[in-house]
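The figures here come from the full heavy-atom set of this structure, side chains too, leaving out hydrogens, waters and symmetry mates. Model, not experiment: these values are computed from the prediction.
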Amino acid sequence: MIPVPLAPALHVPGTRLSHQRRPHLRAPSSPRPTTRPTVDVRRDLHAHDLALSIEQQLLALVDRGAFDDRVRFGDGAAGIVWALAHVGAQVPASTADHLAGLVAHGPSSDVGLVTGLSGAALALDGAGRHVEAGRAWRQVEAAPMGRLNATVADGLAGVGLALLERTPVPDAAALLARIDAVTRALVHRLTTRTHRPSRPGILHGGSGPALYLLHAYDLTHDPSLLPVIERALRDDLLLLGWSPTGPGRPLQRLPLGGIATGISGIAMVLHEAARYLDQPWLAAARDDLADACTSHIADAGVTRRAVAALMALEYIRPAVDRRGDPALERLRTVPHAAPNRAASESVPVITAVTALLASHYAHSSVPARVAFFW
C-alpha cells in the first residue's frame, strides 16, 4: 500500500461507504466439527501461484460442503466465504445457499463481527446473497448498543468496522447515522473506563477500538476522538510491557497469533495512528513491534504468526525501504523452501485463508487493500 494524503471520504449509495478504506478477522455458531479440513501448501510455489493453489483448494472444499459449519467470521464458514469473495473468487451458489441457511437458523442475539451477525452479513453480501444479508443487517441495527462491550470480537468496535466494510450500501445517510451512534457509545465505554482489556490486540484489546475510531475520525474530523484513540493504544502497549524508555523496553510480552490477536495487528494500527497523532512514541512503538515481527518468521513455515508478520511488514514499510532486506524478500515468497522441510505440508484452513489474503495484498496486479484498514 502506498500511503496517501487523508481526504474526506466519499459516500456513494450502492458501494462501500468509503473507497478510502483499503484481509482478516471472525460470526452464530454451531458445534465444532469432529474433523477439520486442511489445505496442502506446496513450498516450491511462488507466492502468486501459491495463492491460486490455495484458492482452488478452498473452492473445492466449499463446493463439496467439506468446511466448518460454524458461521464464525474468523475461523468458520463466514470467514472462508468472505475471504474467497474478497480476492475475487466466484463463490459457488451451493455454498452461498448453505451459508444463508446456517445464518437463518442460527442465534440472532449476537451481532458481533467475529462471533455474530455483522460478520455473517458481510460474508452473505460478499457471496451475492444481498436479501439474506439485508435481514442480518437489520438485526444488527436493531440491537441495543448499551448491551455491547467495546471490543472488535463481539462488541461495538467490531460492529462499527463491519458497518464501514458493508457493500452494497442501500442508504448511506442511515448508515452514517448508525456509525455515529456506534462511535458515541464506544467513546462512552472507553472514557468511563468500563472497557479494561486484559490482553492486547485488535480482537480483545485497545487496538481494535482505536482502529475503528481512526476510521470515525477520518469521516468526522472530530478532534475529541484523538485522545481516546491515544489512550486505547497506550493500554495495549502497557499490556505488552512497552515504554519509550526504561525497563519496559525491549518488549516483555509478544502475543502469538494473526493480525487480529498478535503484535502484527497492533503495529498496523500504530502505523495508522501515527498519521493522525503527533506523538513520537507511536512511530517508536510501531517500529519496535515491526522489528519483533521479523523474528516471528526467522525459521517459520506457513503459520498464522508468520503470515501475519508478512502482512504487517508489507503494510507498514514501503517496498523501496525494504529493498535488499533478505528476511523480507524471503517473506515475499513464503513459504520458504528450507532444506529440512518437506516439499509440502497440510495446514489448517484458517491458516490457508490468512495466507491467501496476505498473498492477494502483496502480489495483486492492481492496488489491493487490507480489509478493515485502508
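Aromatic ring pairs are classed by plane angle as parallel below 30°, tilted from 30° to 60° and perpendicular above 60°; the pair Y315 and Y361 is tilted.
Between R231 and D235, at least one side-chain N (NZ, or NE/NH1/NH2) sits under 4.0 Å from a carboxylate O, which counts as a salt bridge. Salt-bridge check for E272 with R286: failed, with every basic side-chain N at 4.0 Å or more from each acidic carboxylate O. R138 has no carboxylate O lying under 4.0 Å from a charged side-chain N of E141, or vice versa, which leaves the two without a salt bridge.
Checking each of L175, I179, V159 against L164 for a side chain to side chain contact (heavy atoms under 4.5 Å, CB included) leaves exactly one that passes, namely I179. Among T183, L226, V228, L277, the single residue meeting the side chain to side chain contact (heavy atoms under 4.5 Å, CB included) criterion with Y217 is L226.
Inter-residue side-chain proximity for P209 and L190 is flagged as met; some heavy-atom pair is nearer than 4.5 Å. Using a 4.5 Å cut-off on side-chain heavy atoms (C-beta onward), F373 and V269 make contact. At a threshold of 4.5 Å between non-hydrogen side-chain atoms, the residues L270 and L237 count as touching.
Atom CG of L310 and atom OG1 of T354 lie 11.0 Å apart (nearest 0.5 Å). Note that the OG1 atom of T95 and the CD atom of Q90 stand 10.5 Å from one another [nearest 0.5 Å]. Rounding to the nearest 0.5 Å gives a distance of 11.0 Å between CG of L117 and CG of L122.
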Item to complete: Would you sort out whether L156 and Y212 count as a side-chain contact (heavy atoms from CB on, under 4.5 Å), showing the intermediate values?
Response: CA-CA 9 Å; L156 290 162; Y212 170 72; over 6 Å; no

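Using modelled atom types, one finds no donor on one side chain facing an acceptor on the other under 3.5 Å when comparing D236 with W242.
Checked against salt bridge (charged side-chain N to carboxylate O under 4.0 Å, His left out), D287 has no partners two or more places apart in sequence or in another chain.
Judged by the 6.0 Å distance and 45° axis criteria, R234 is positioned over the aromatic ring of W281.
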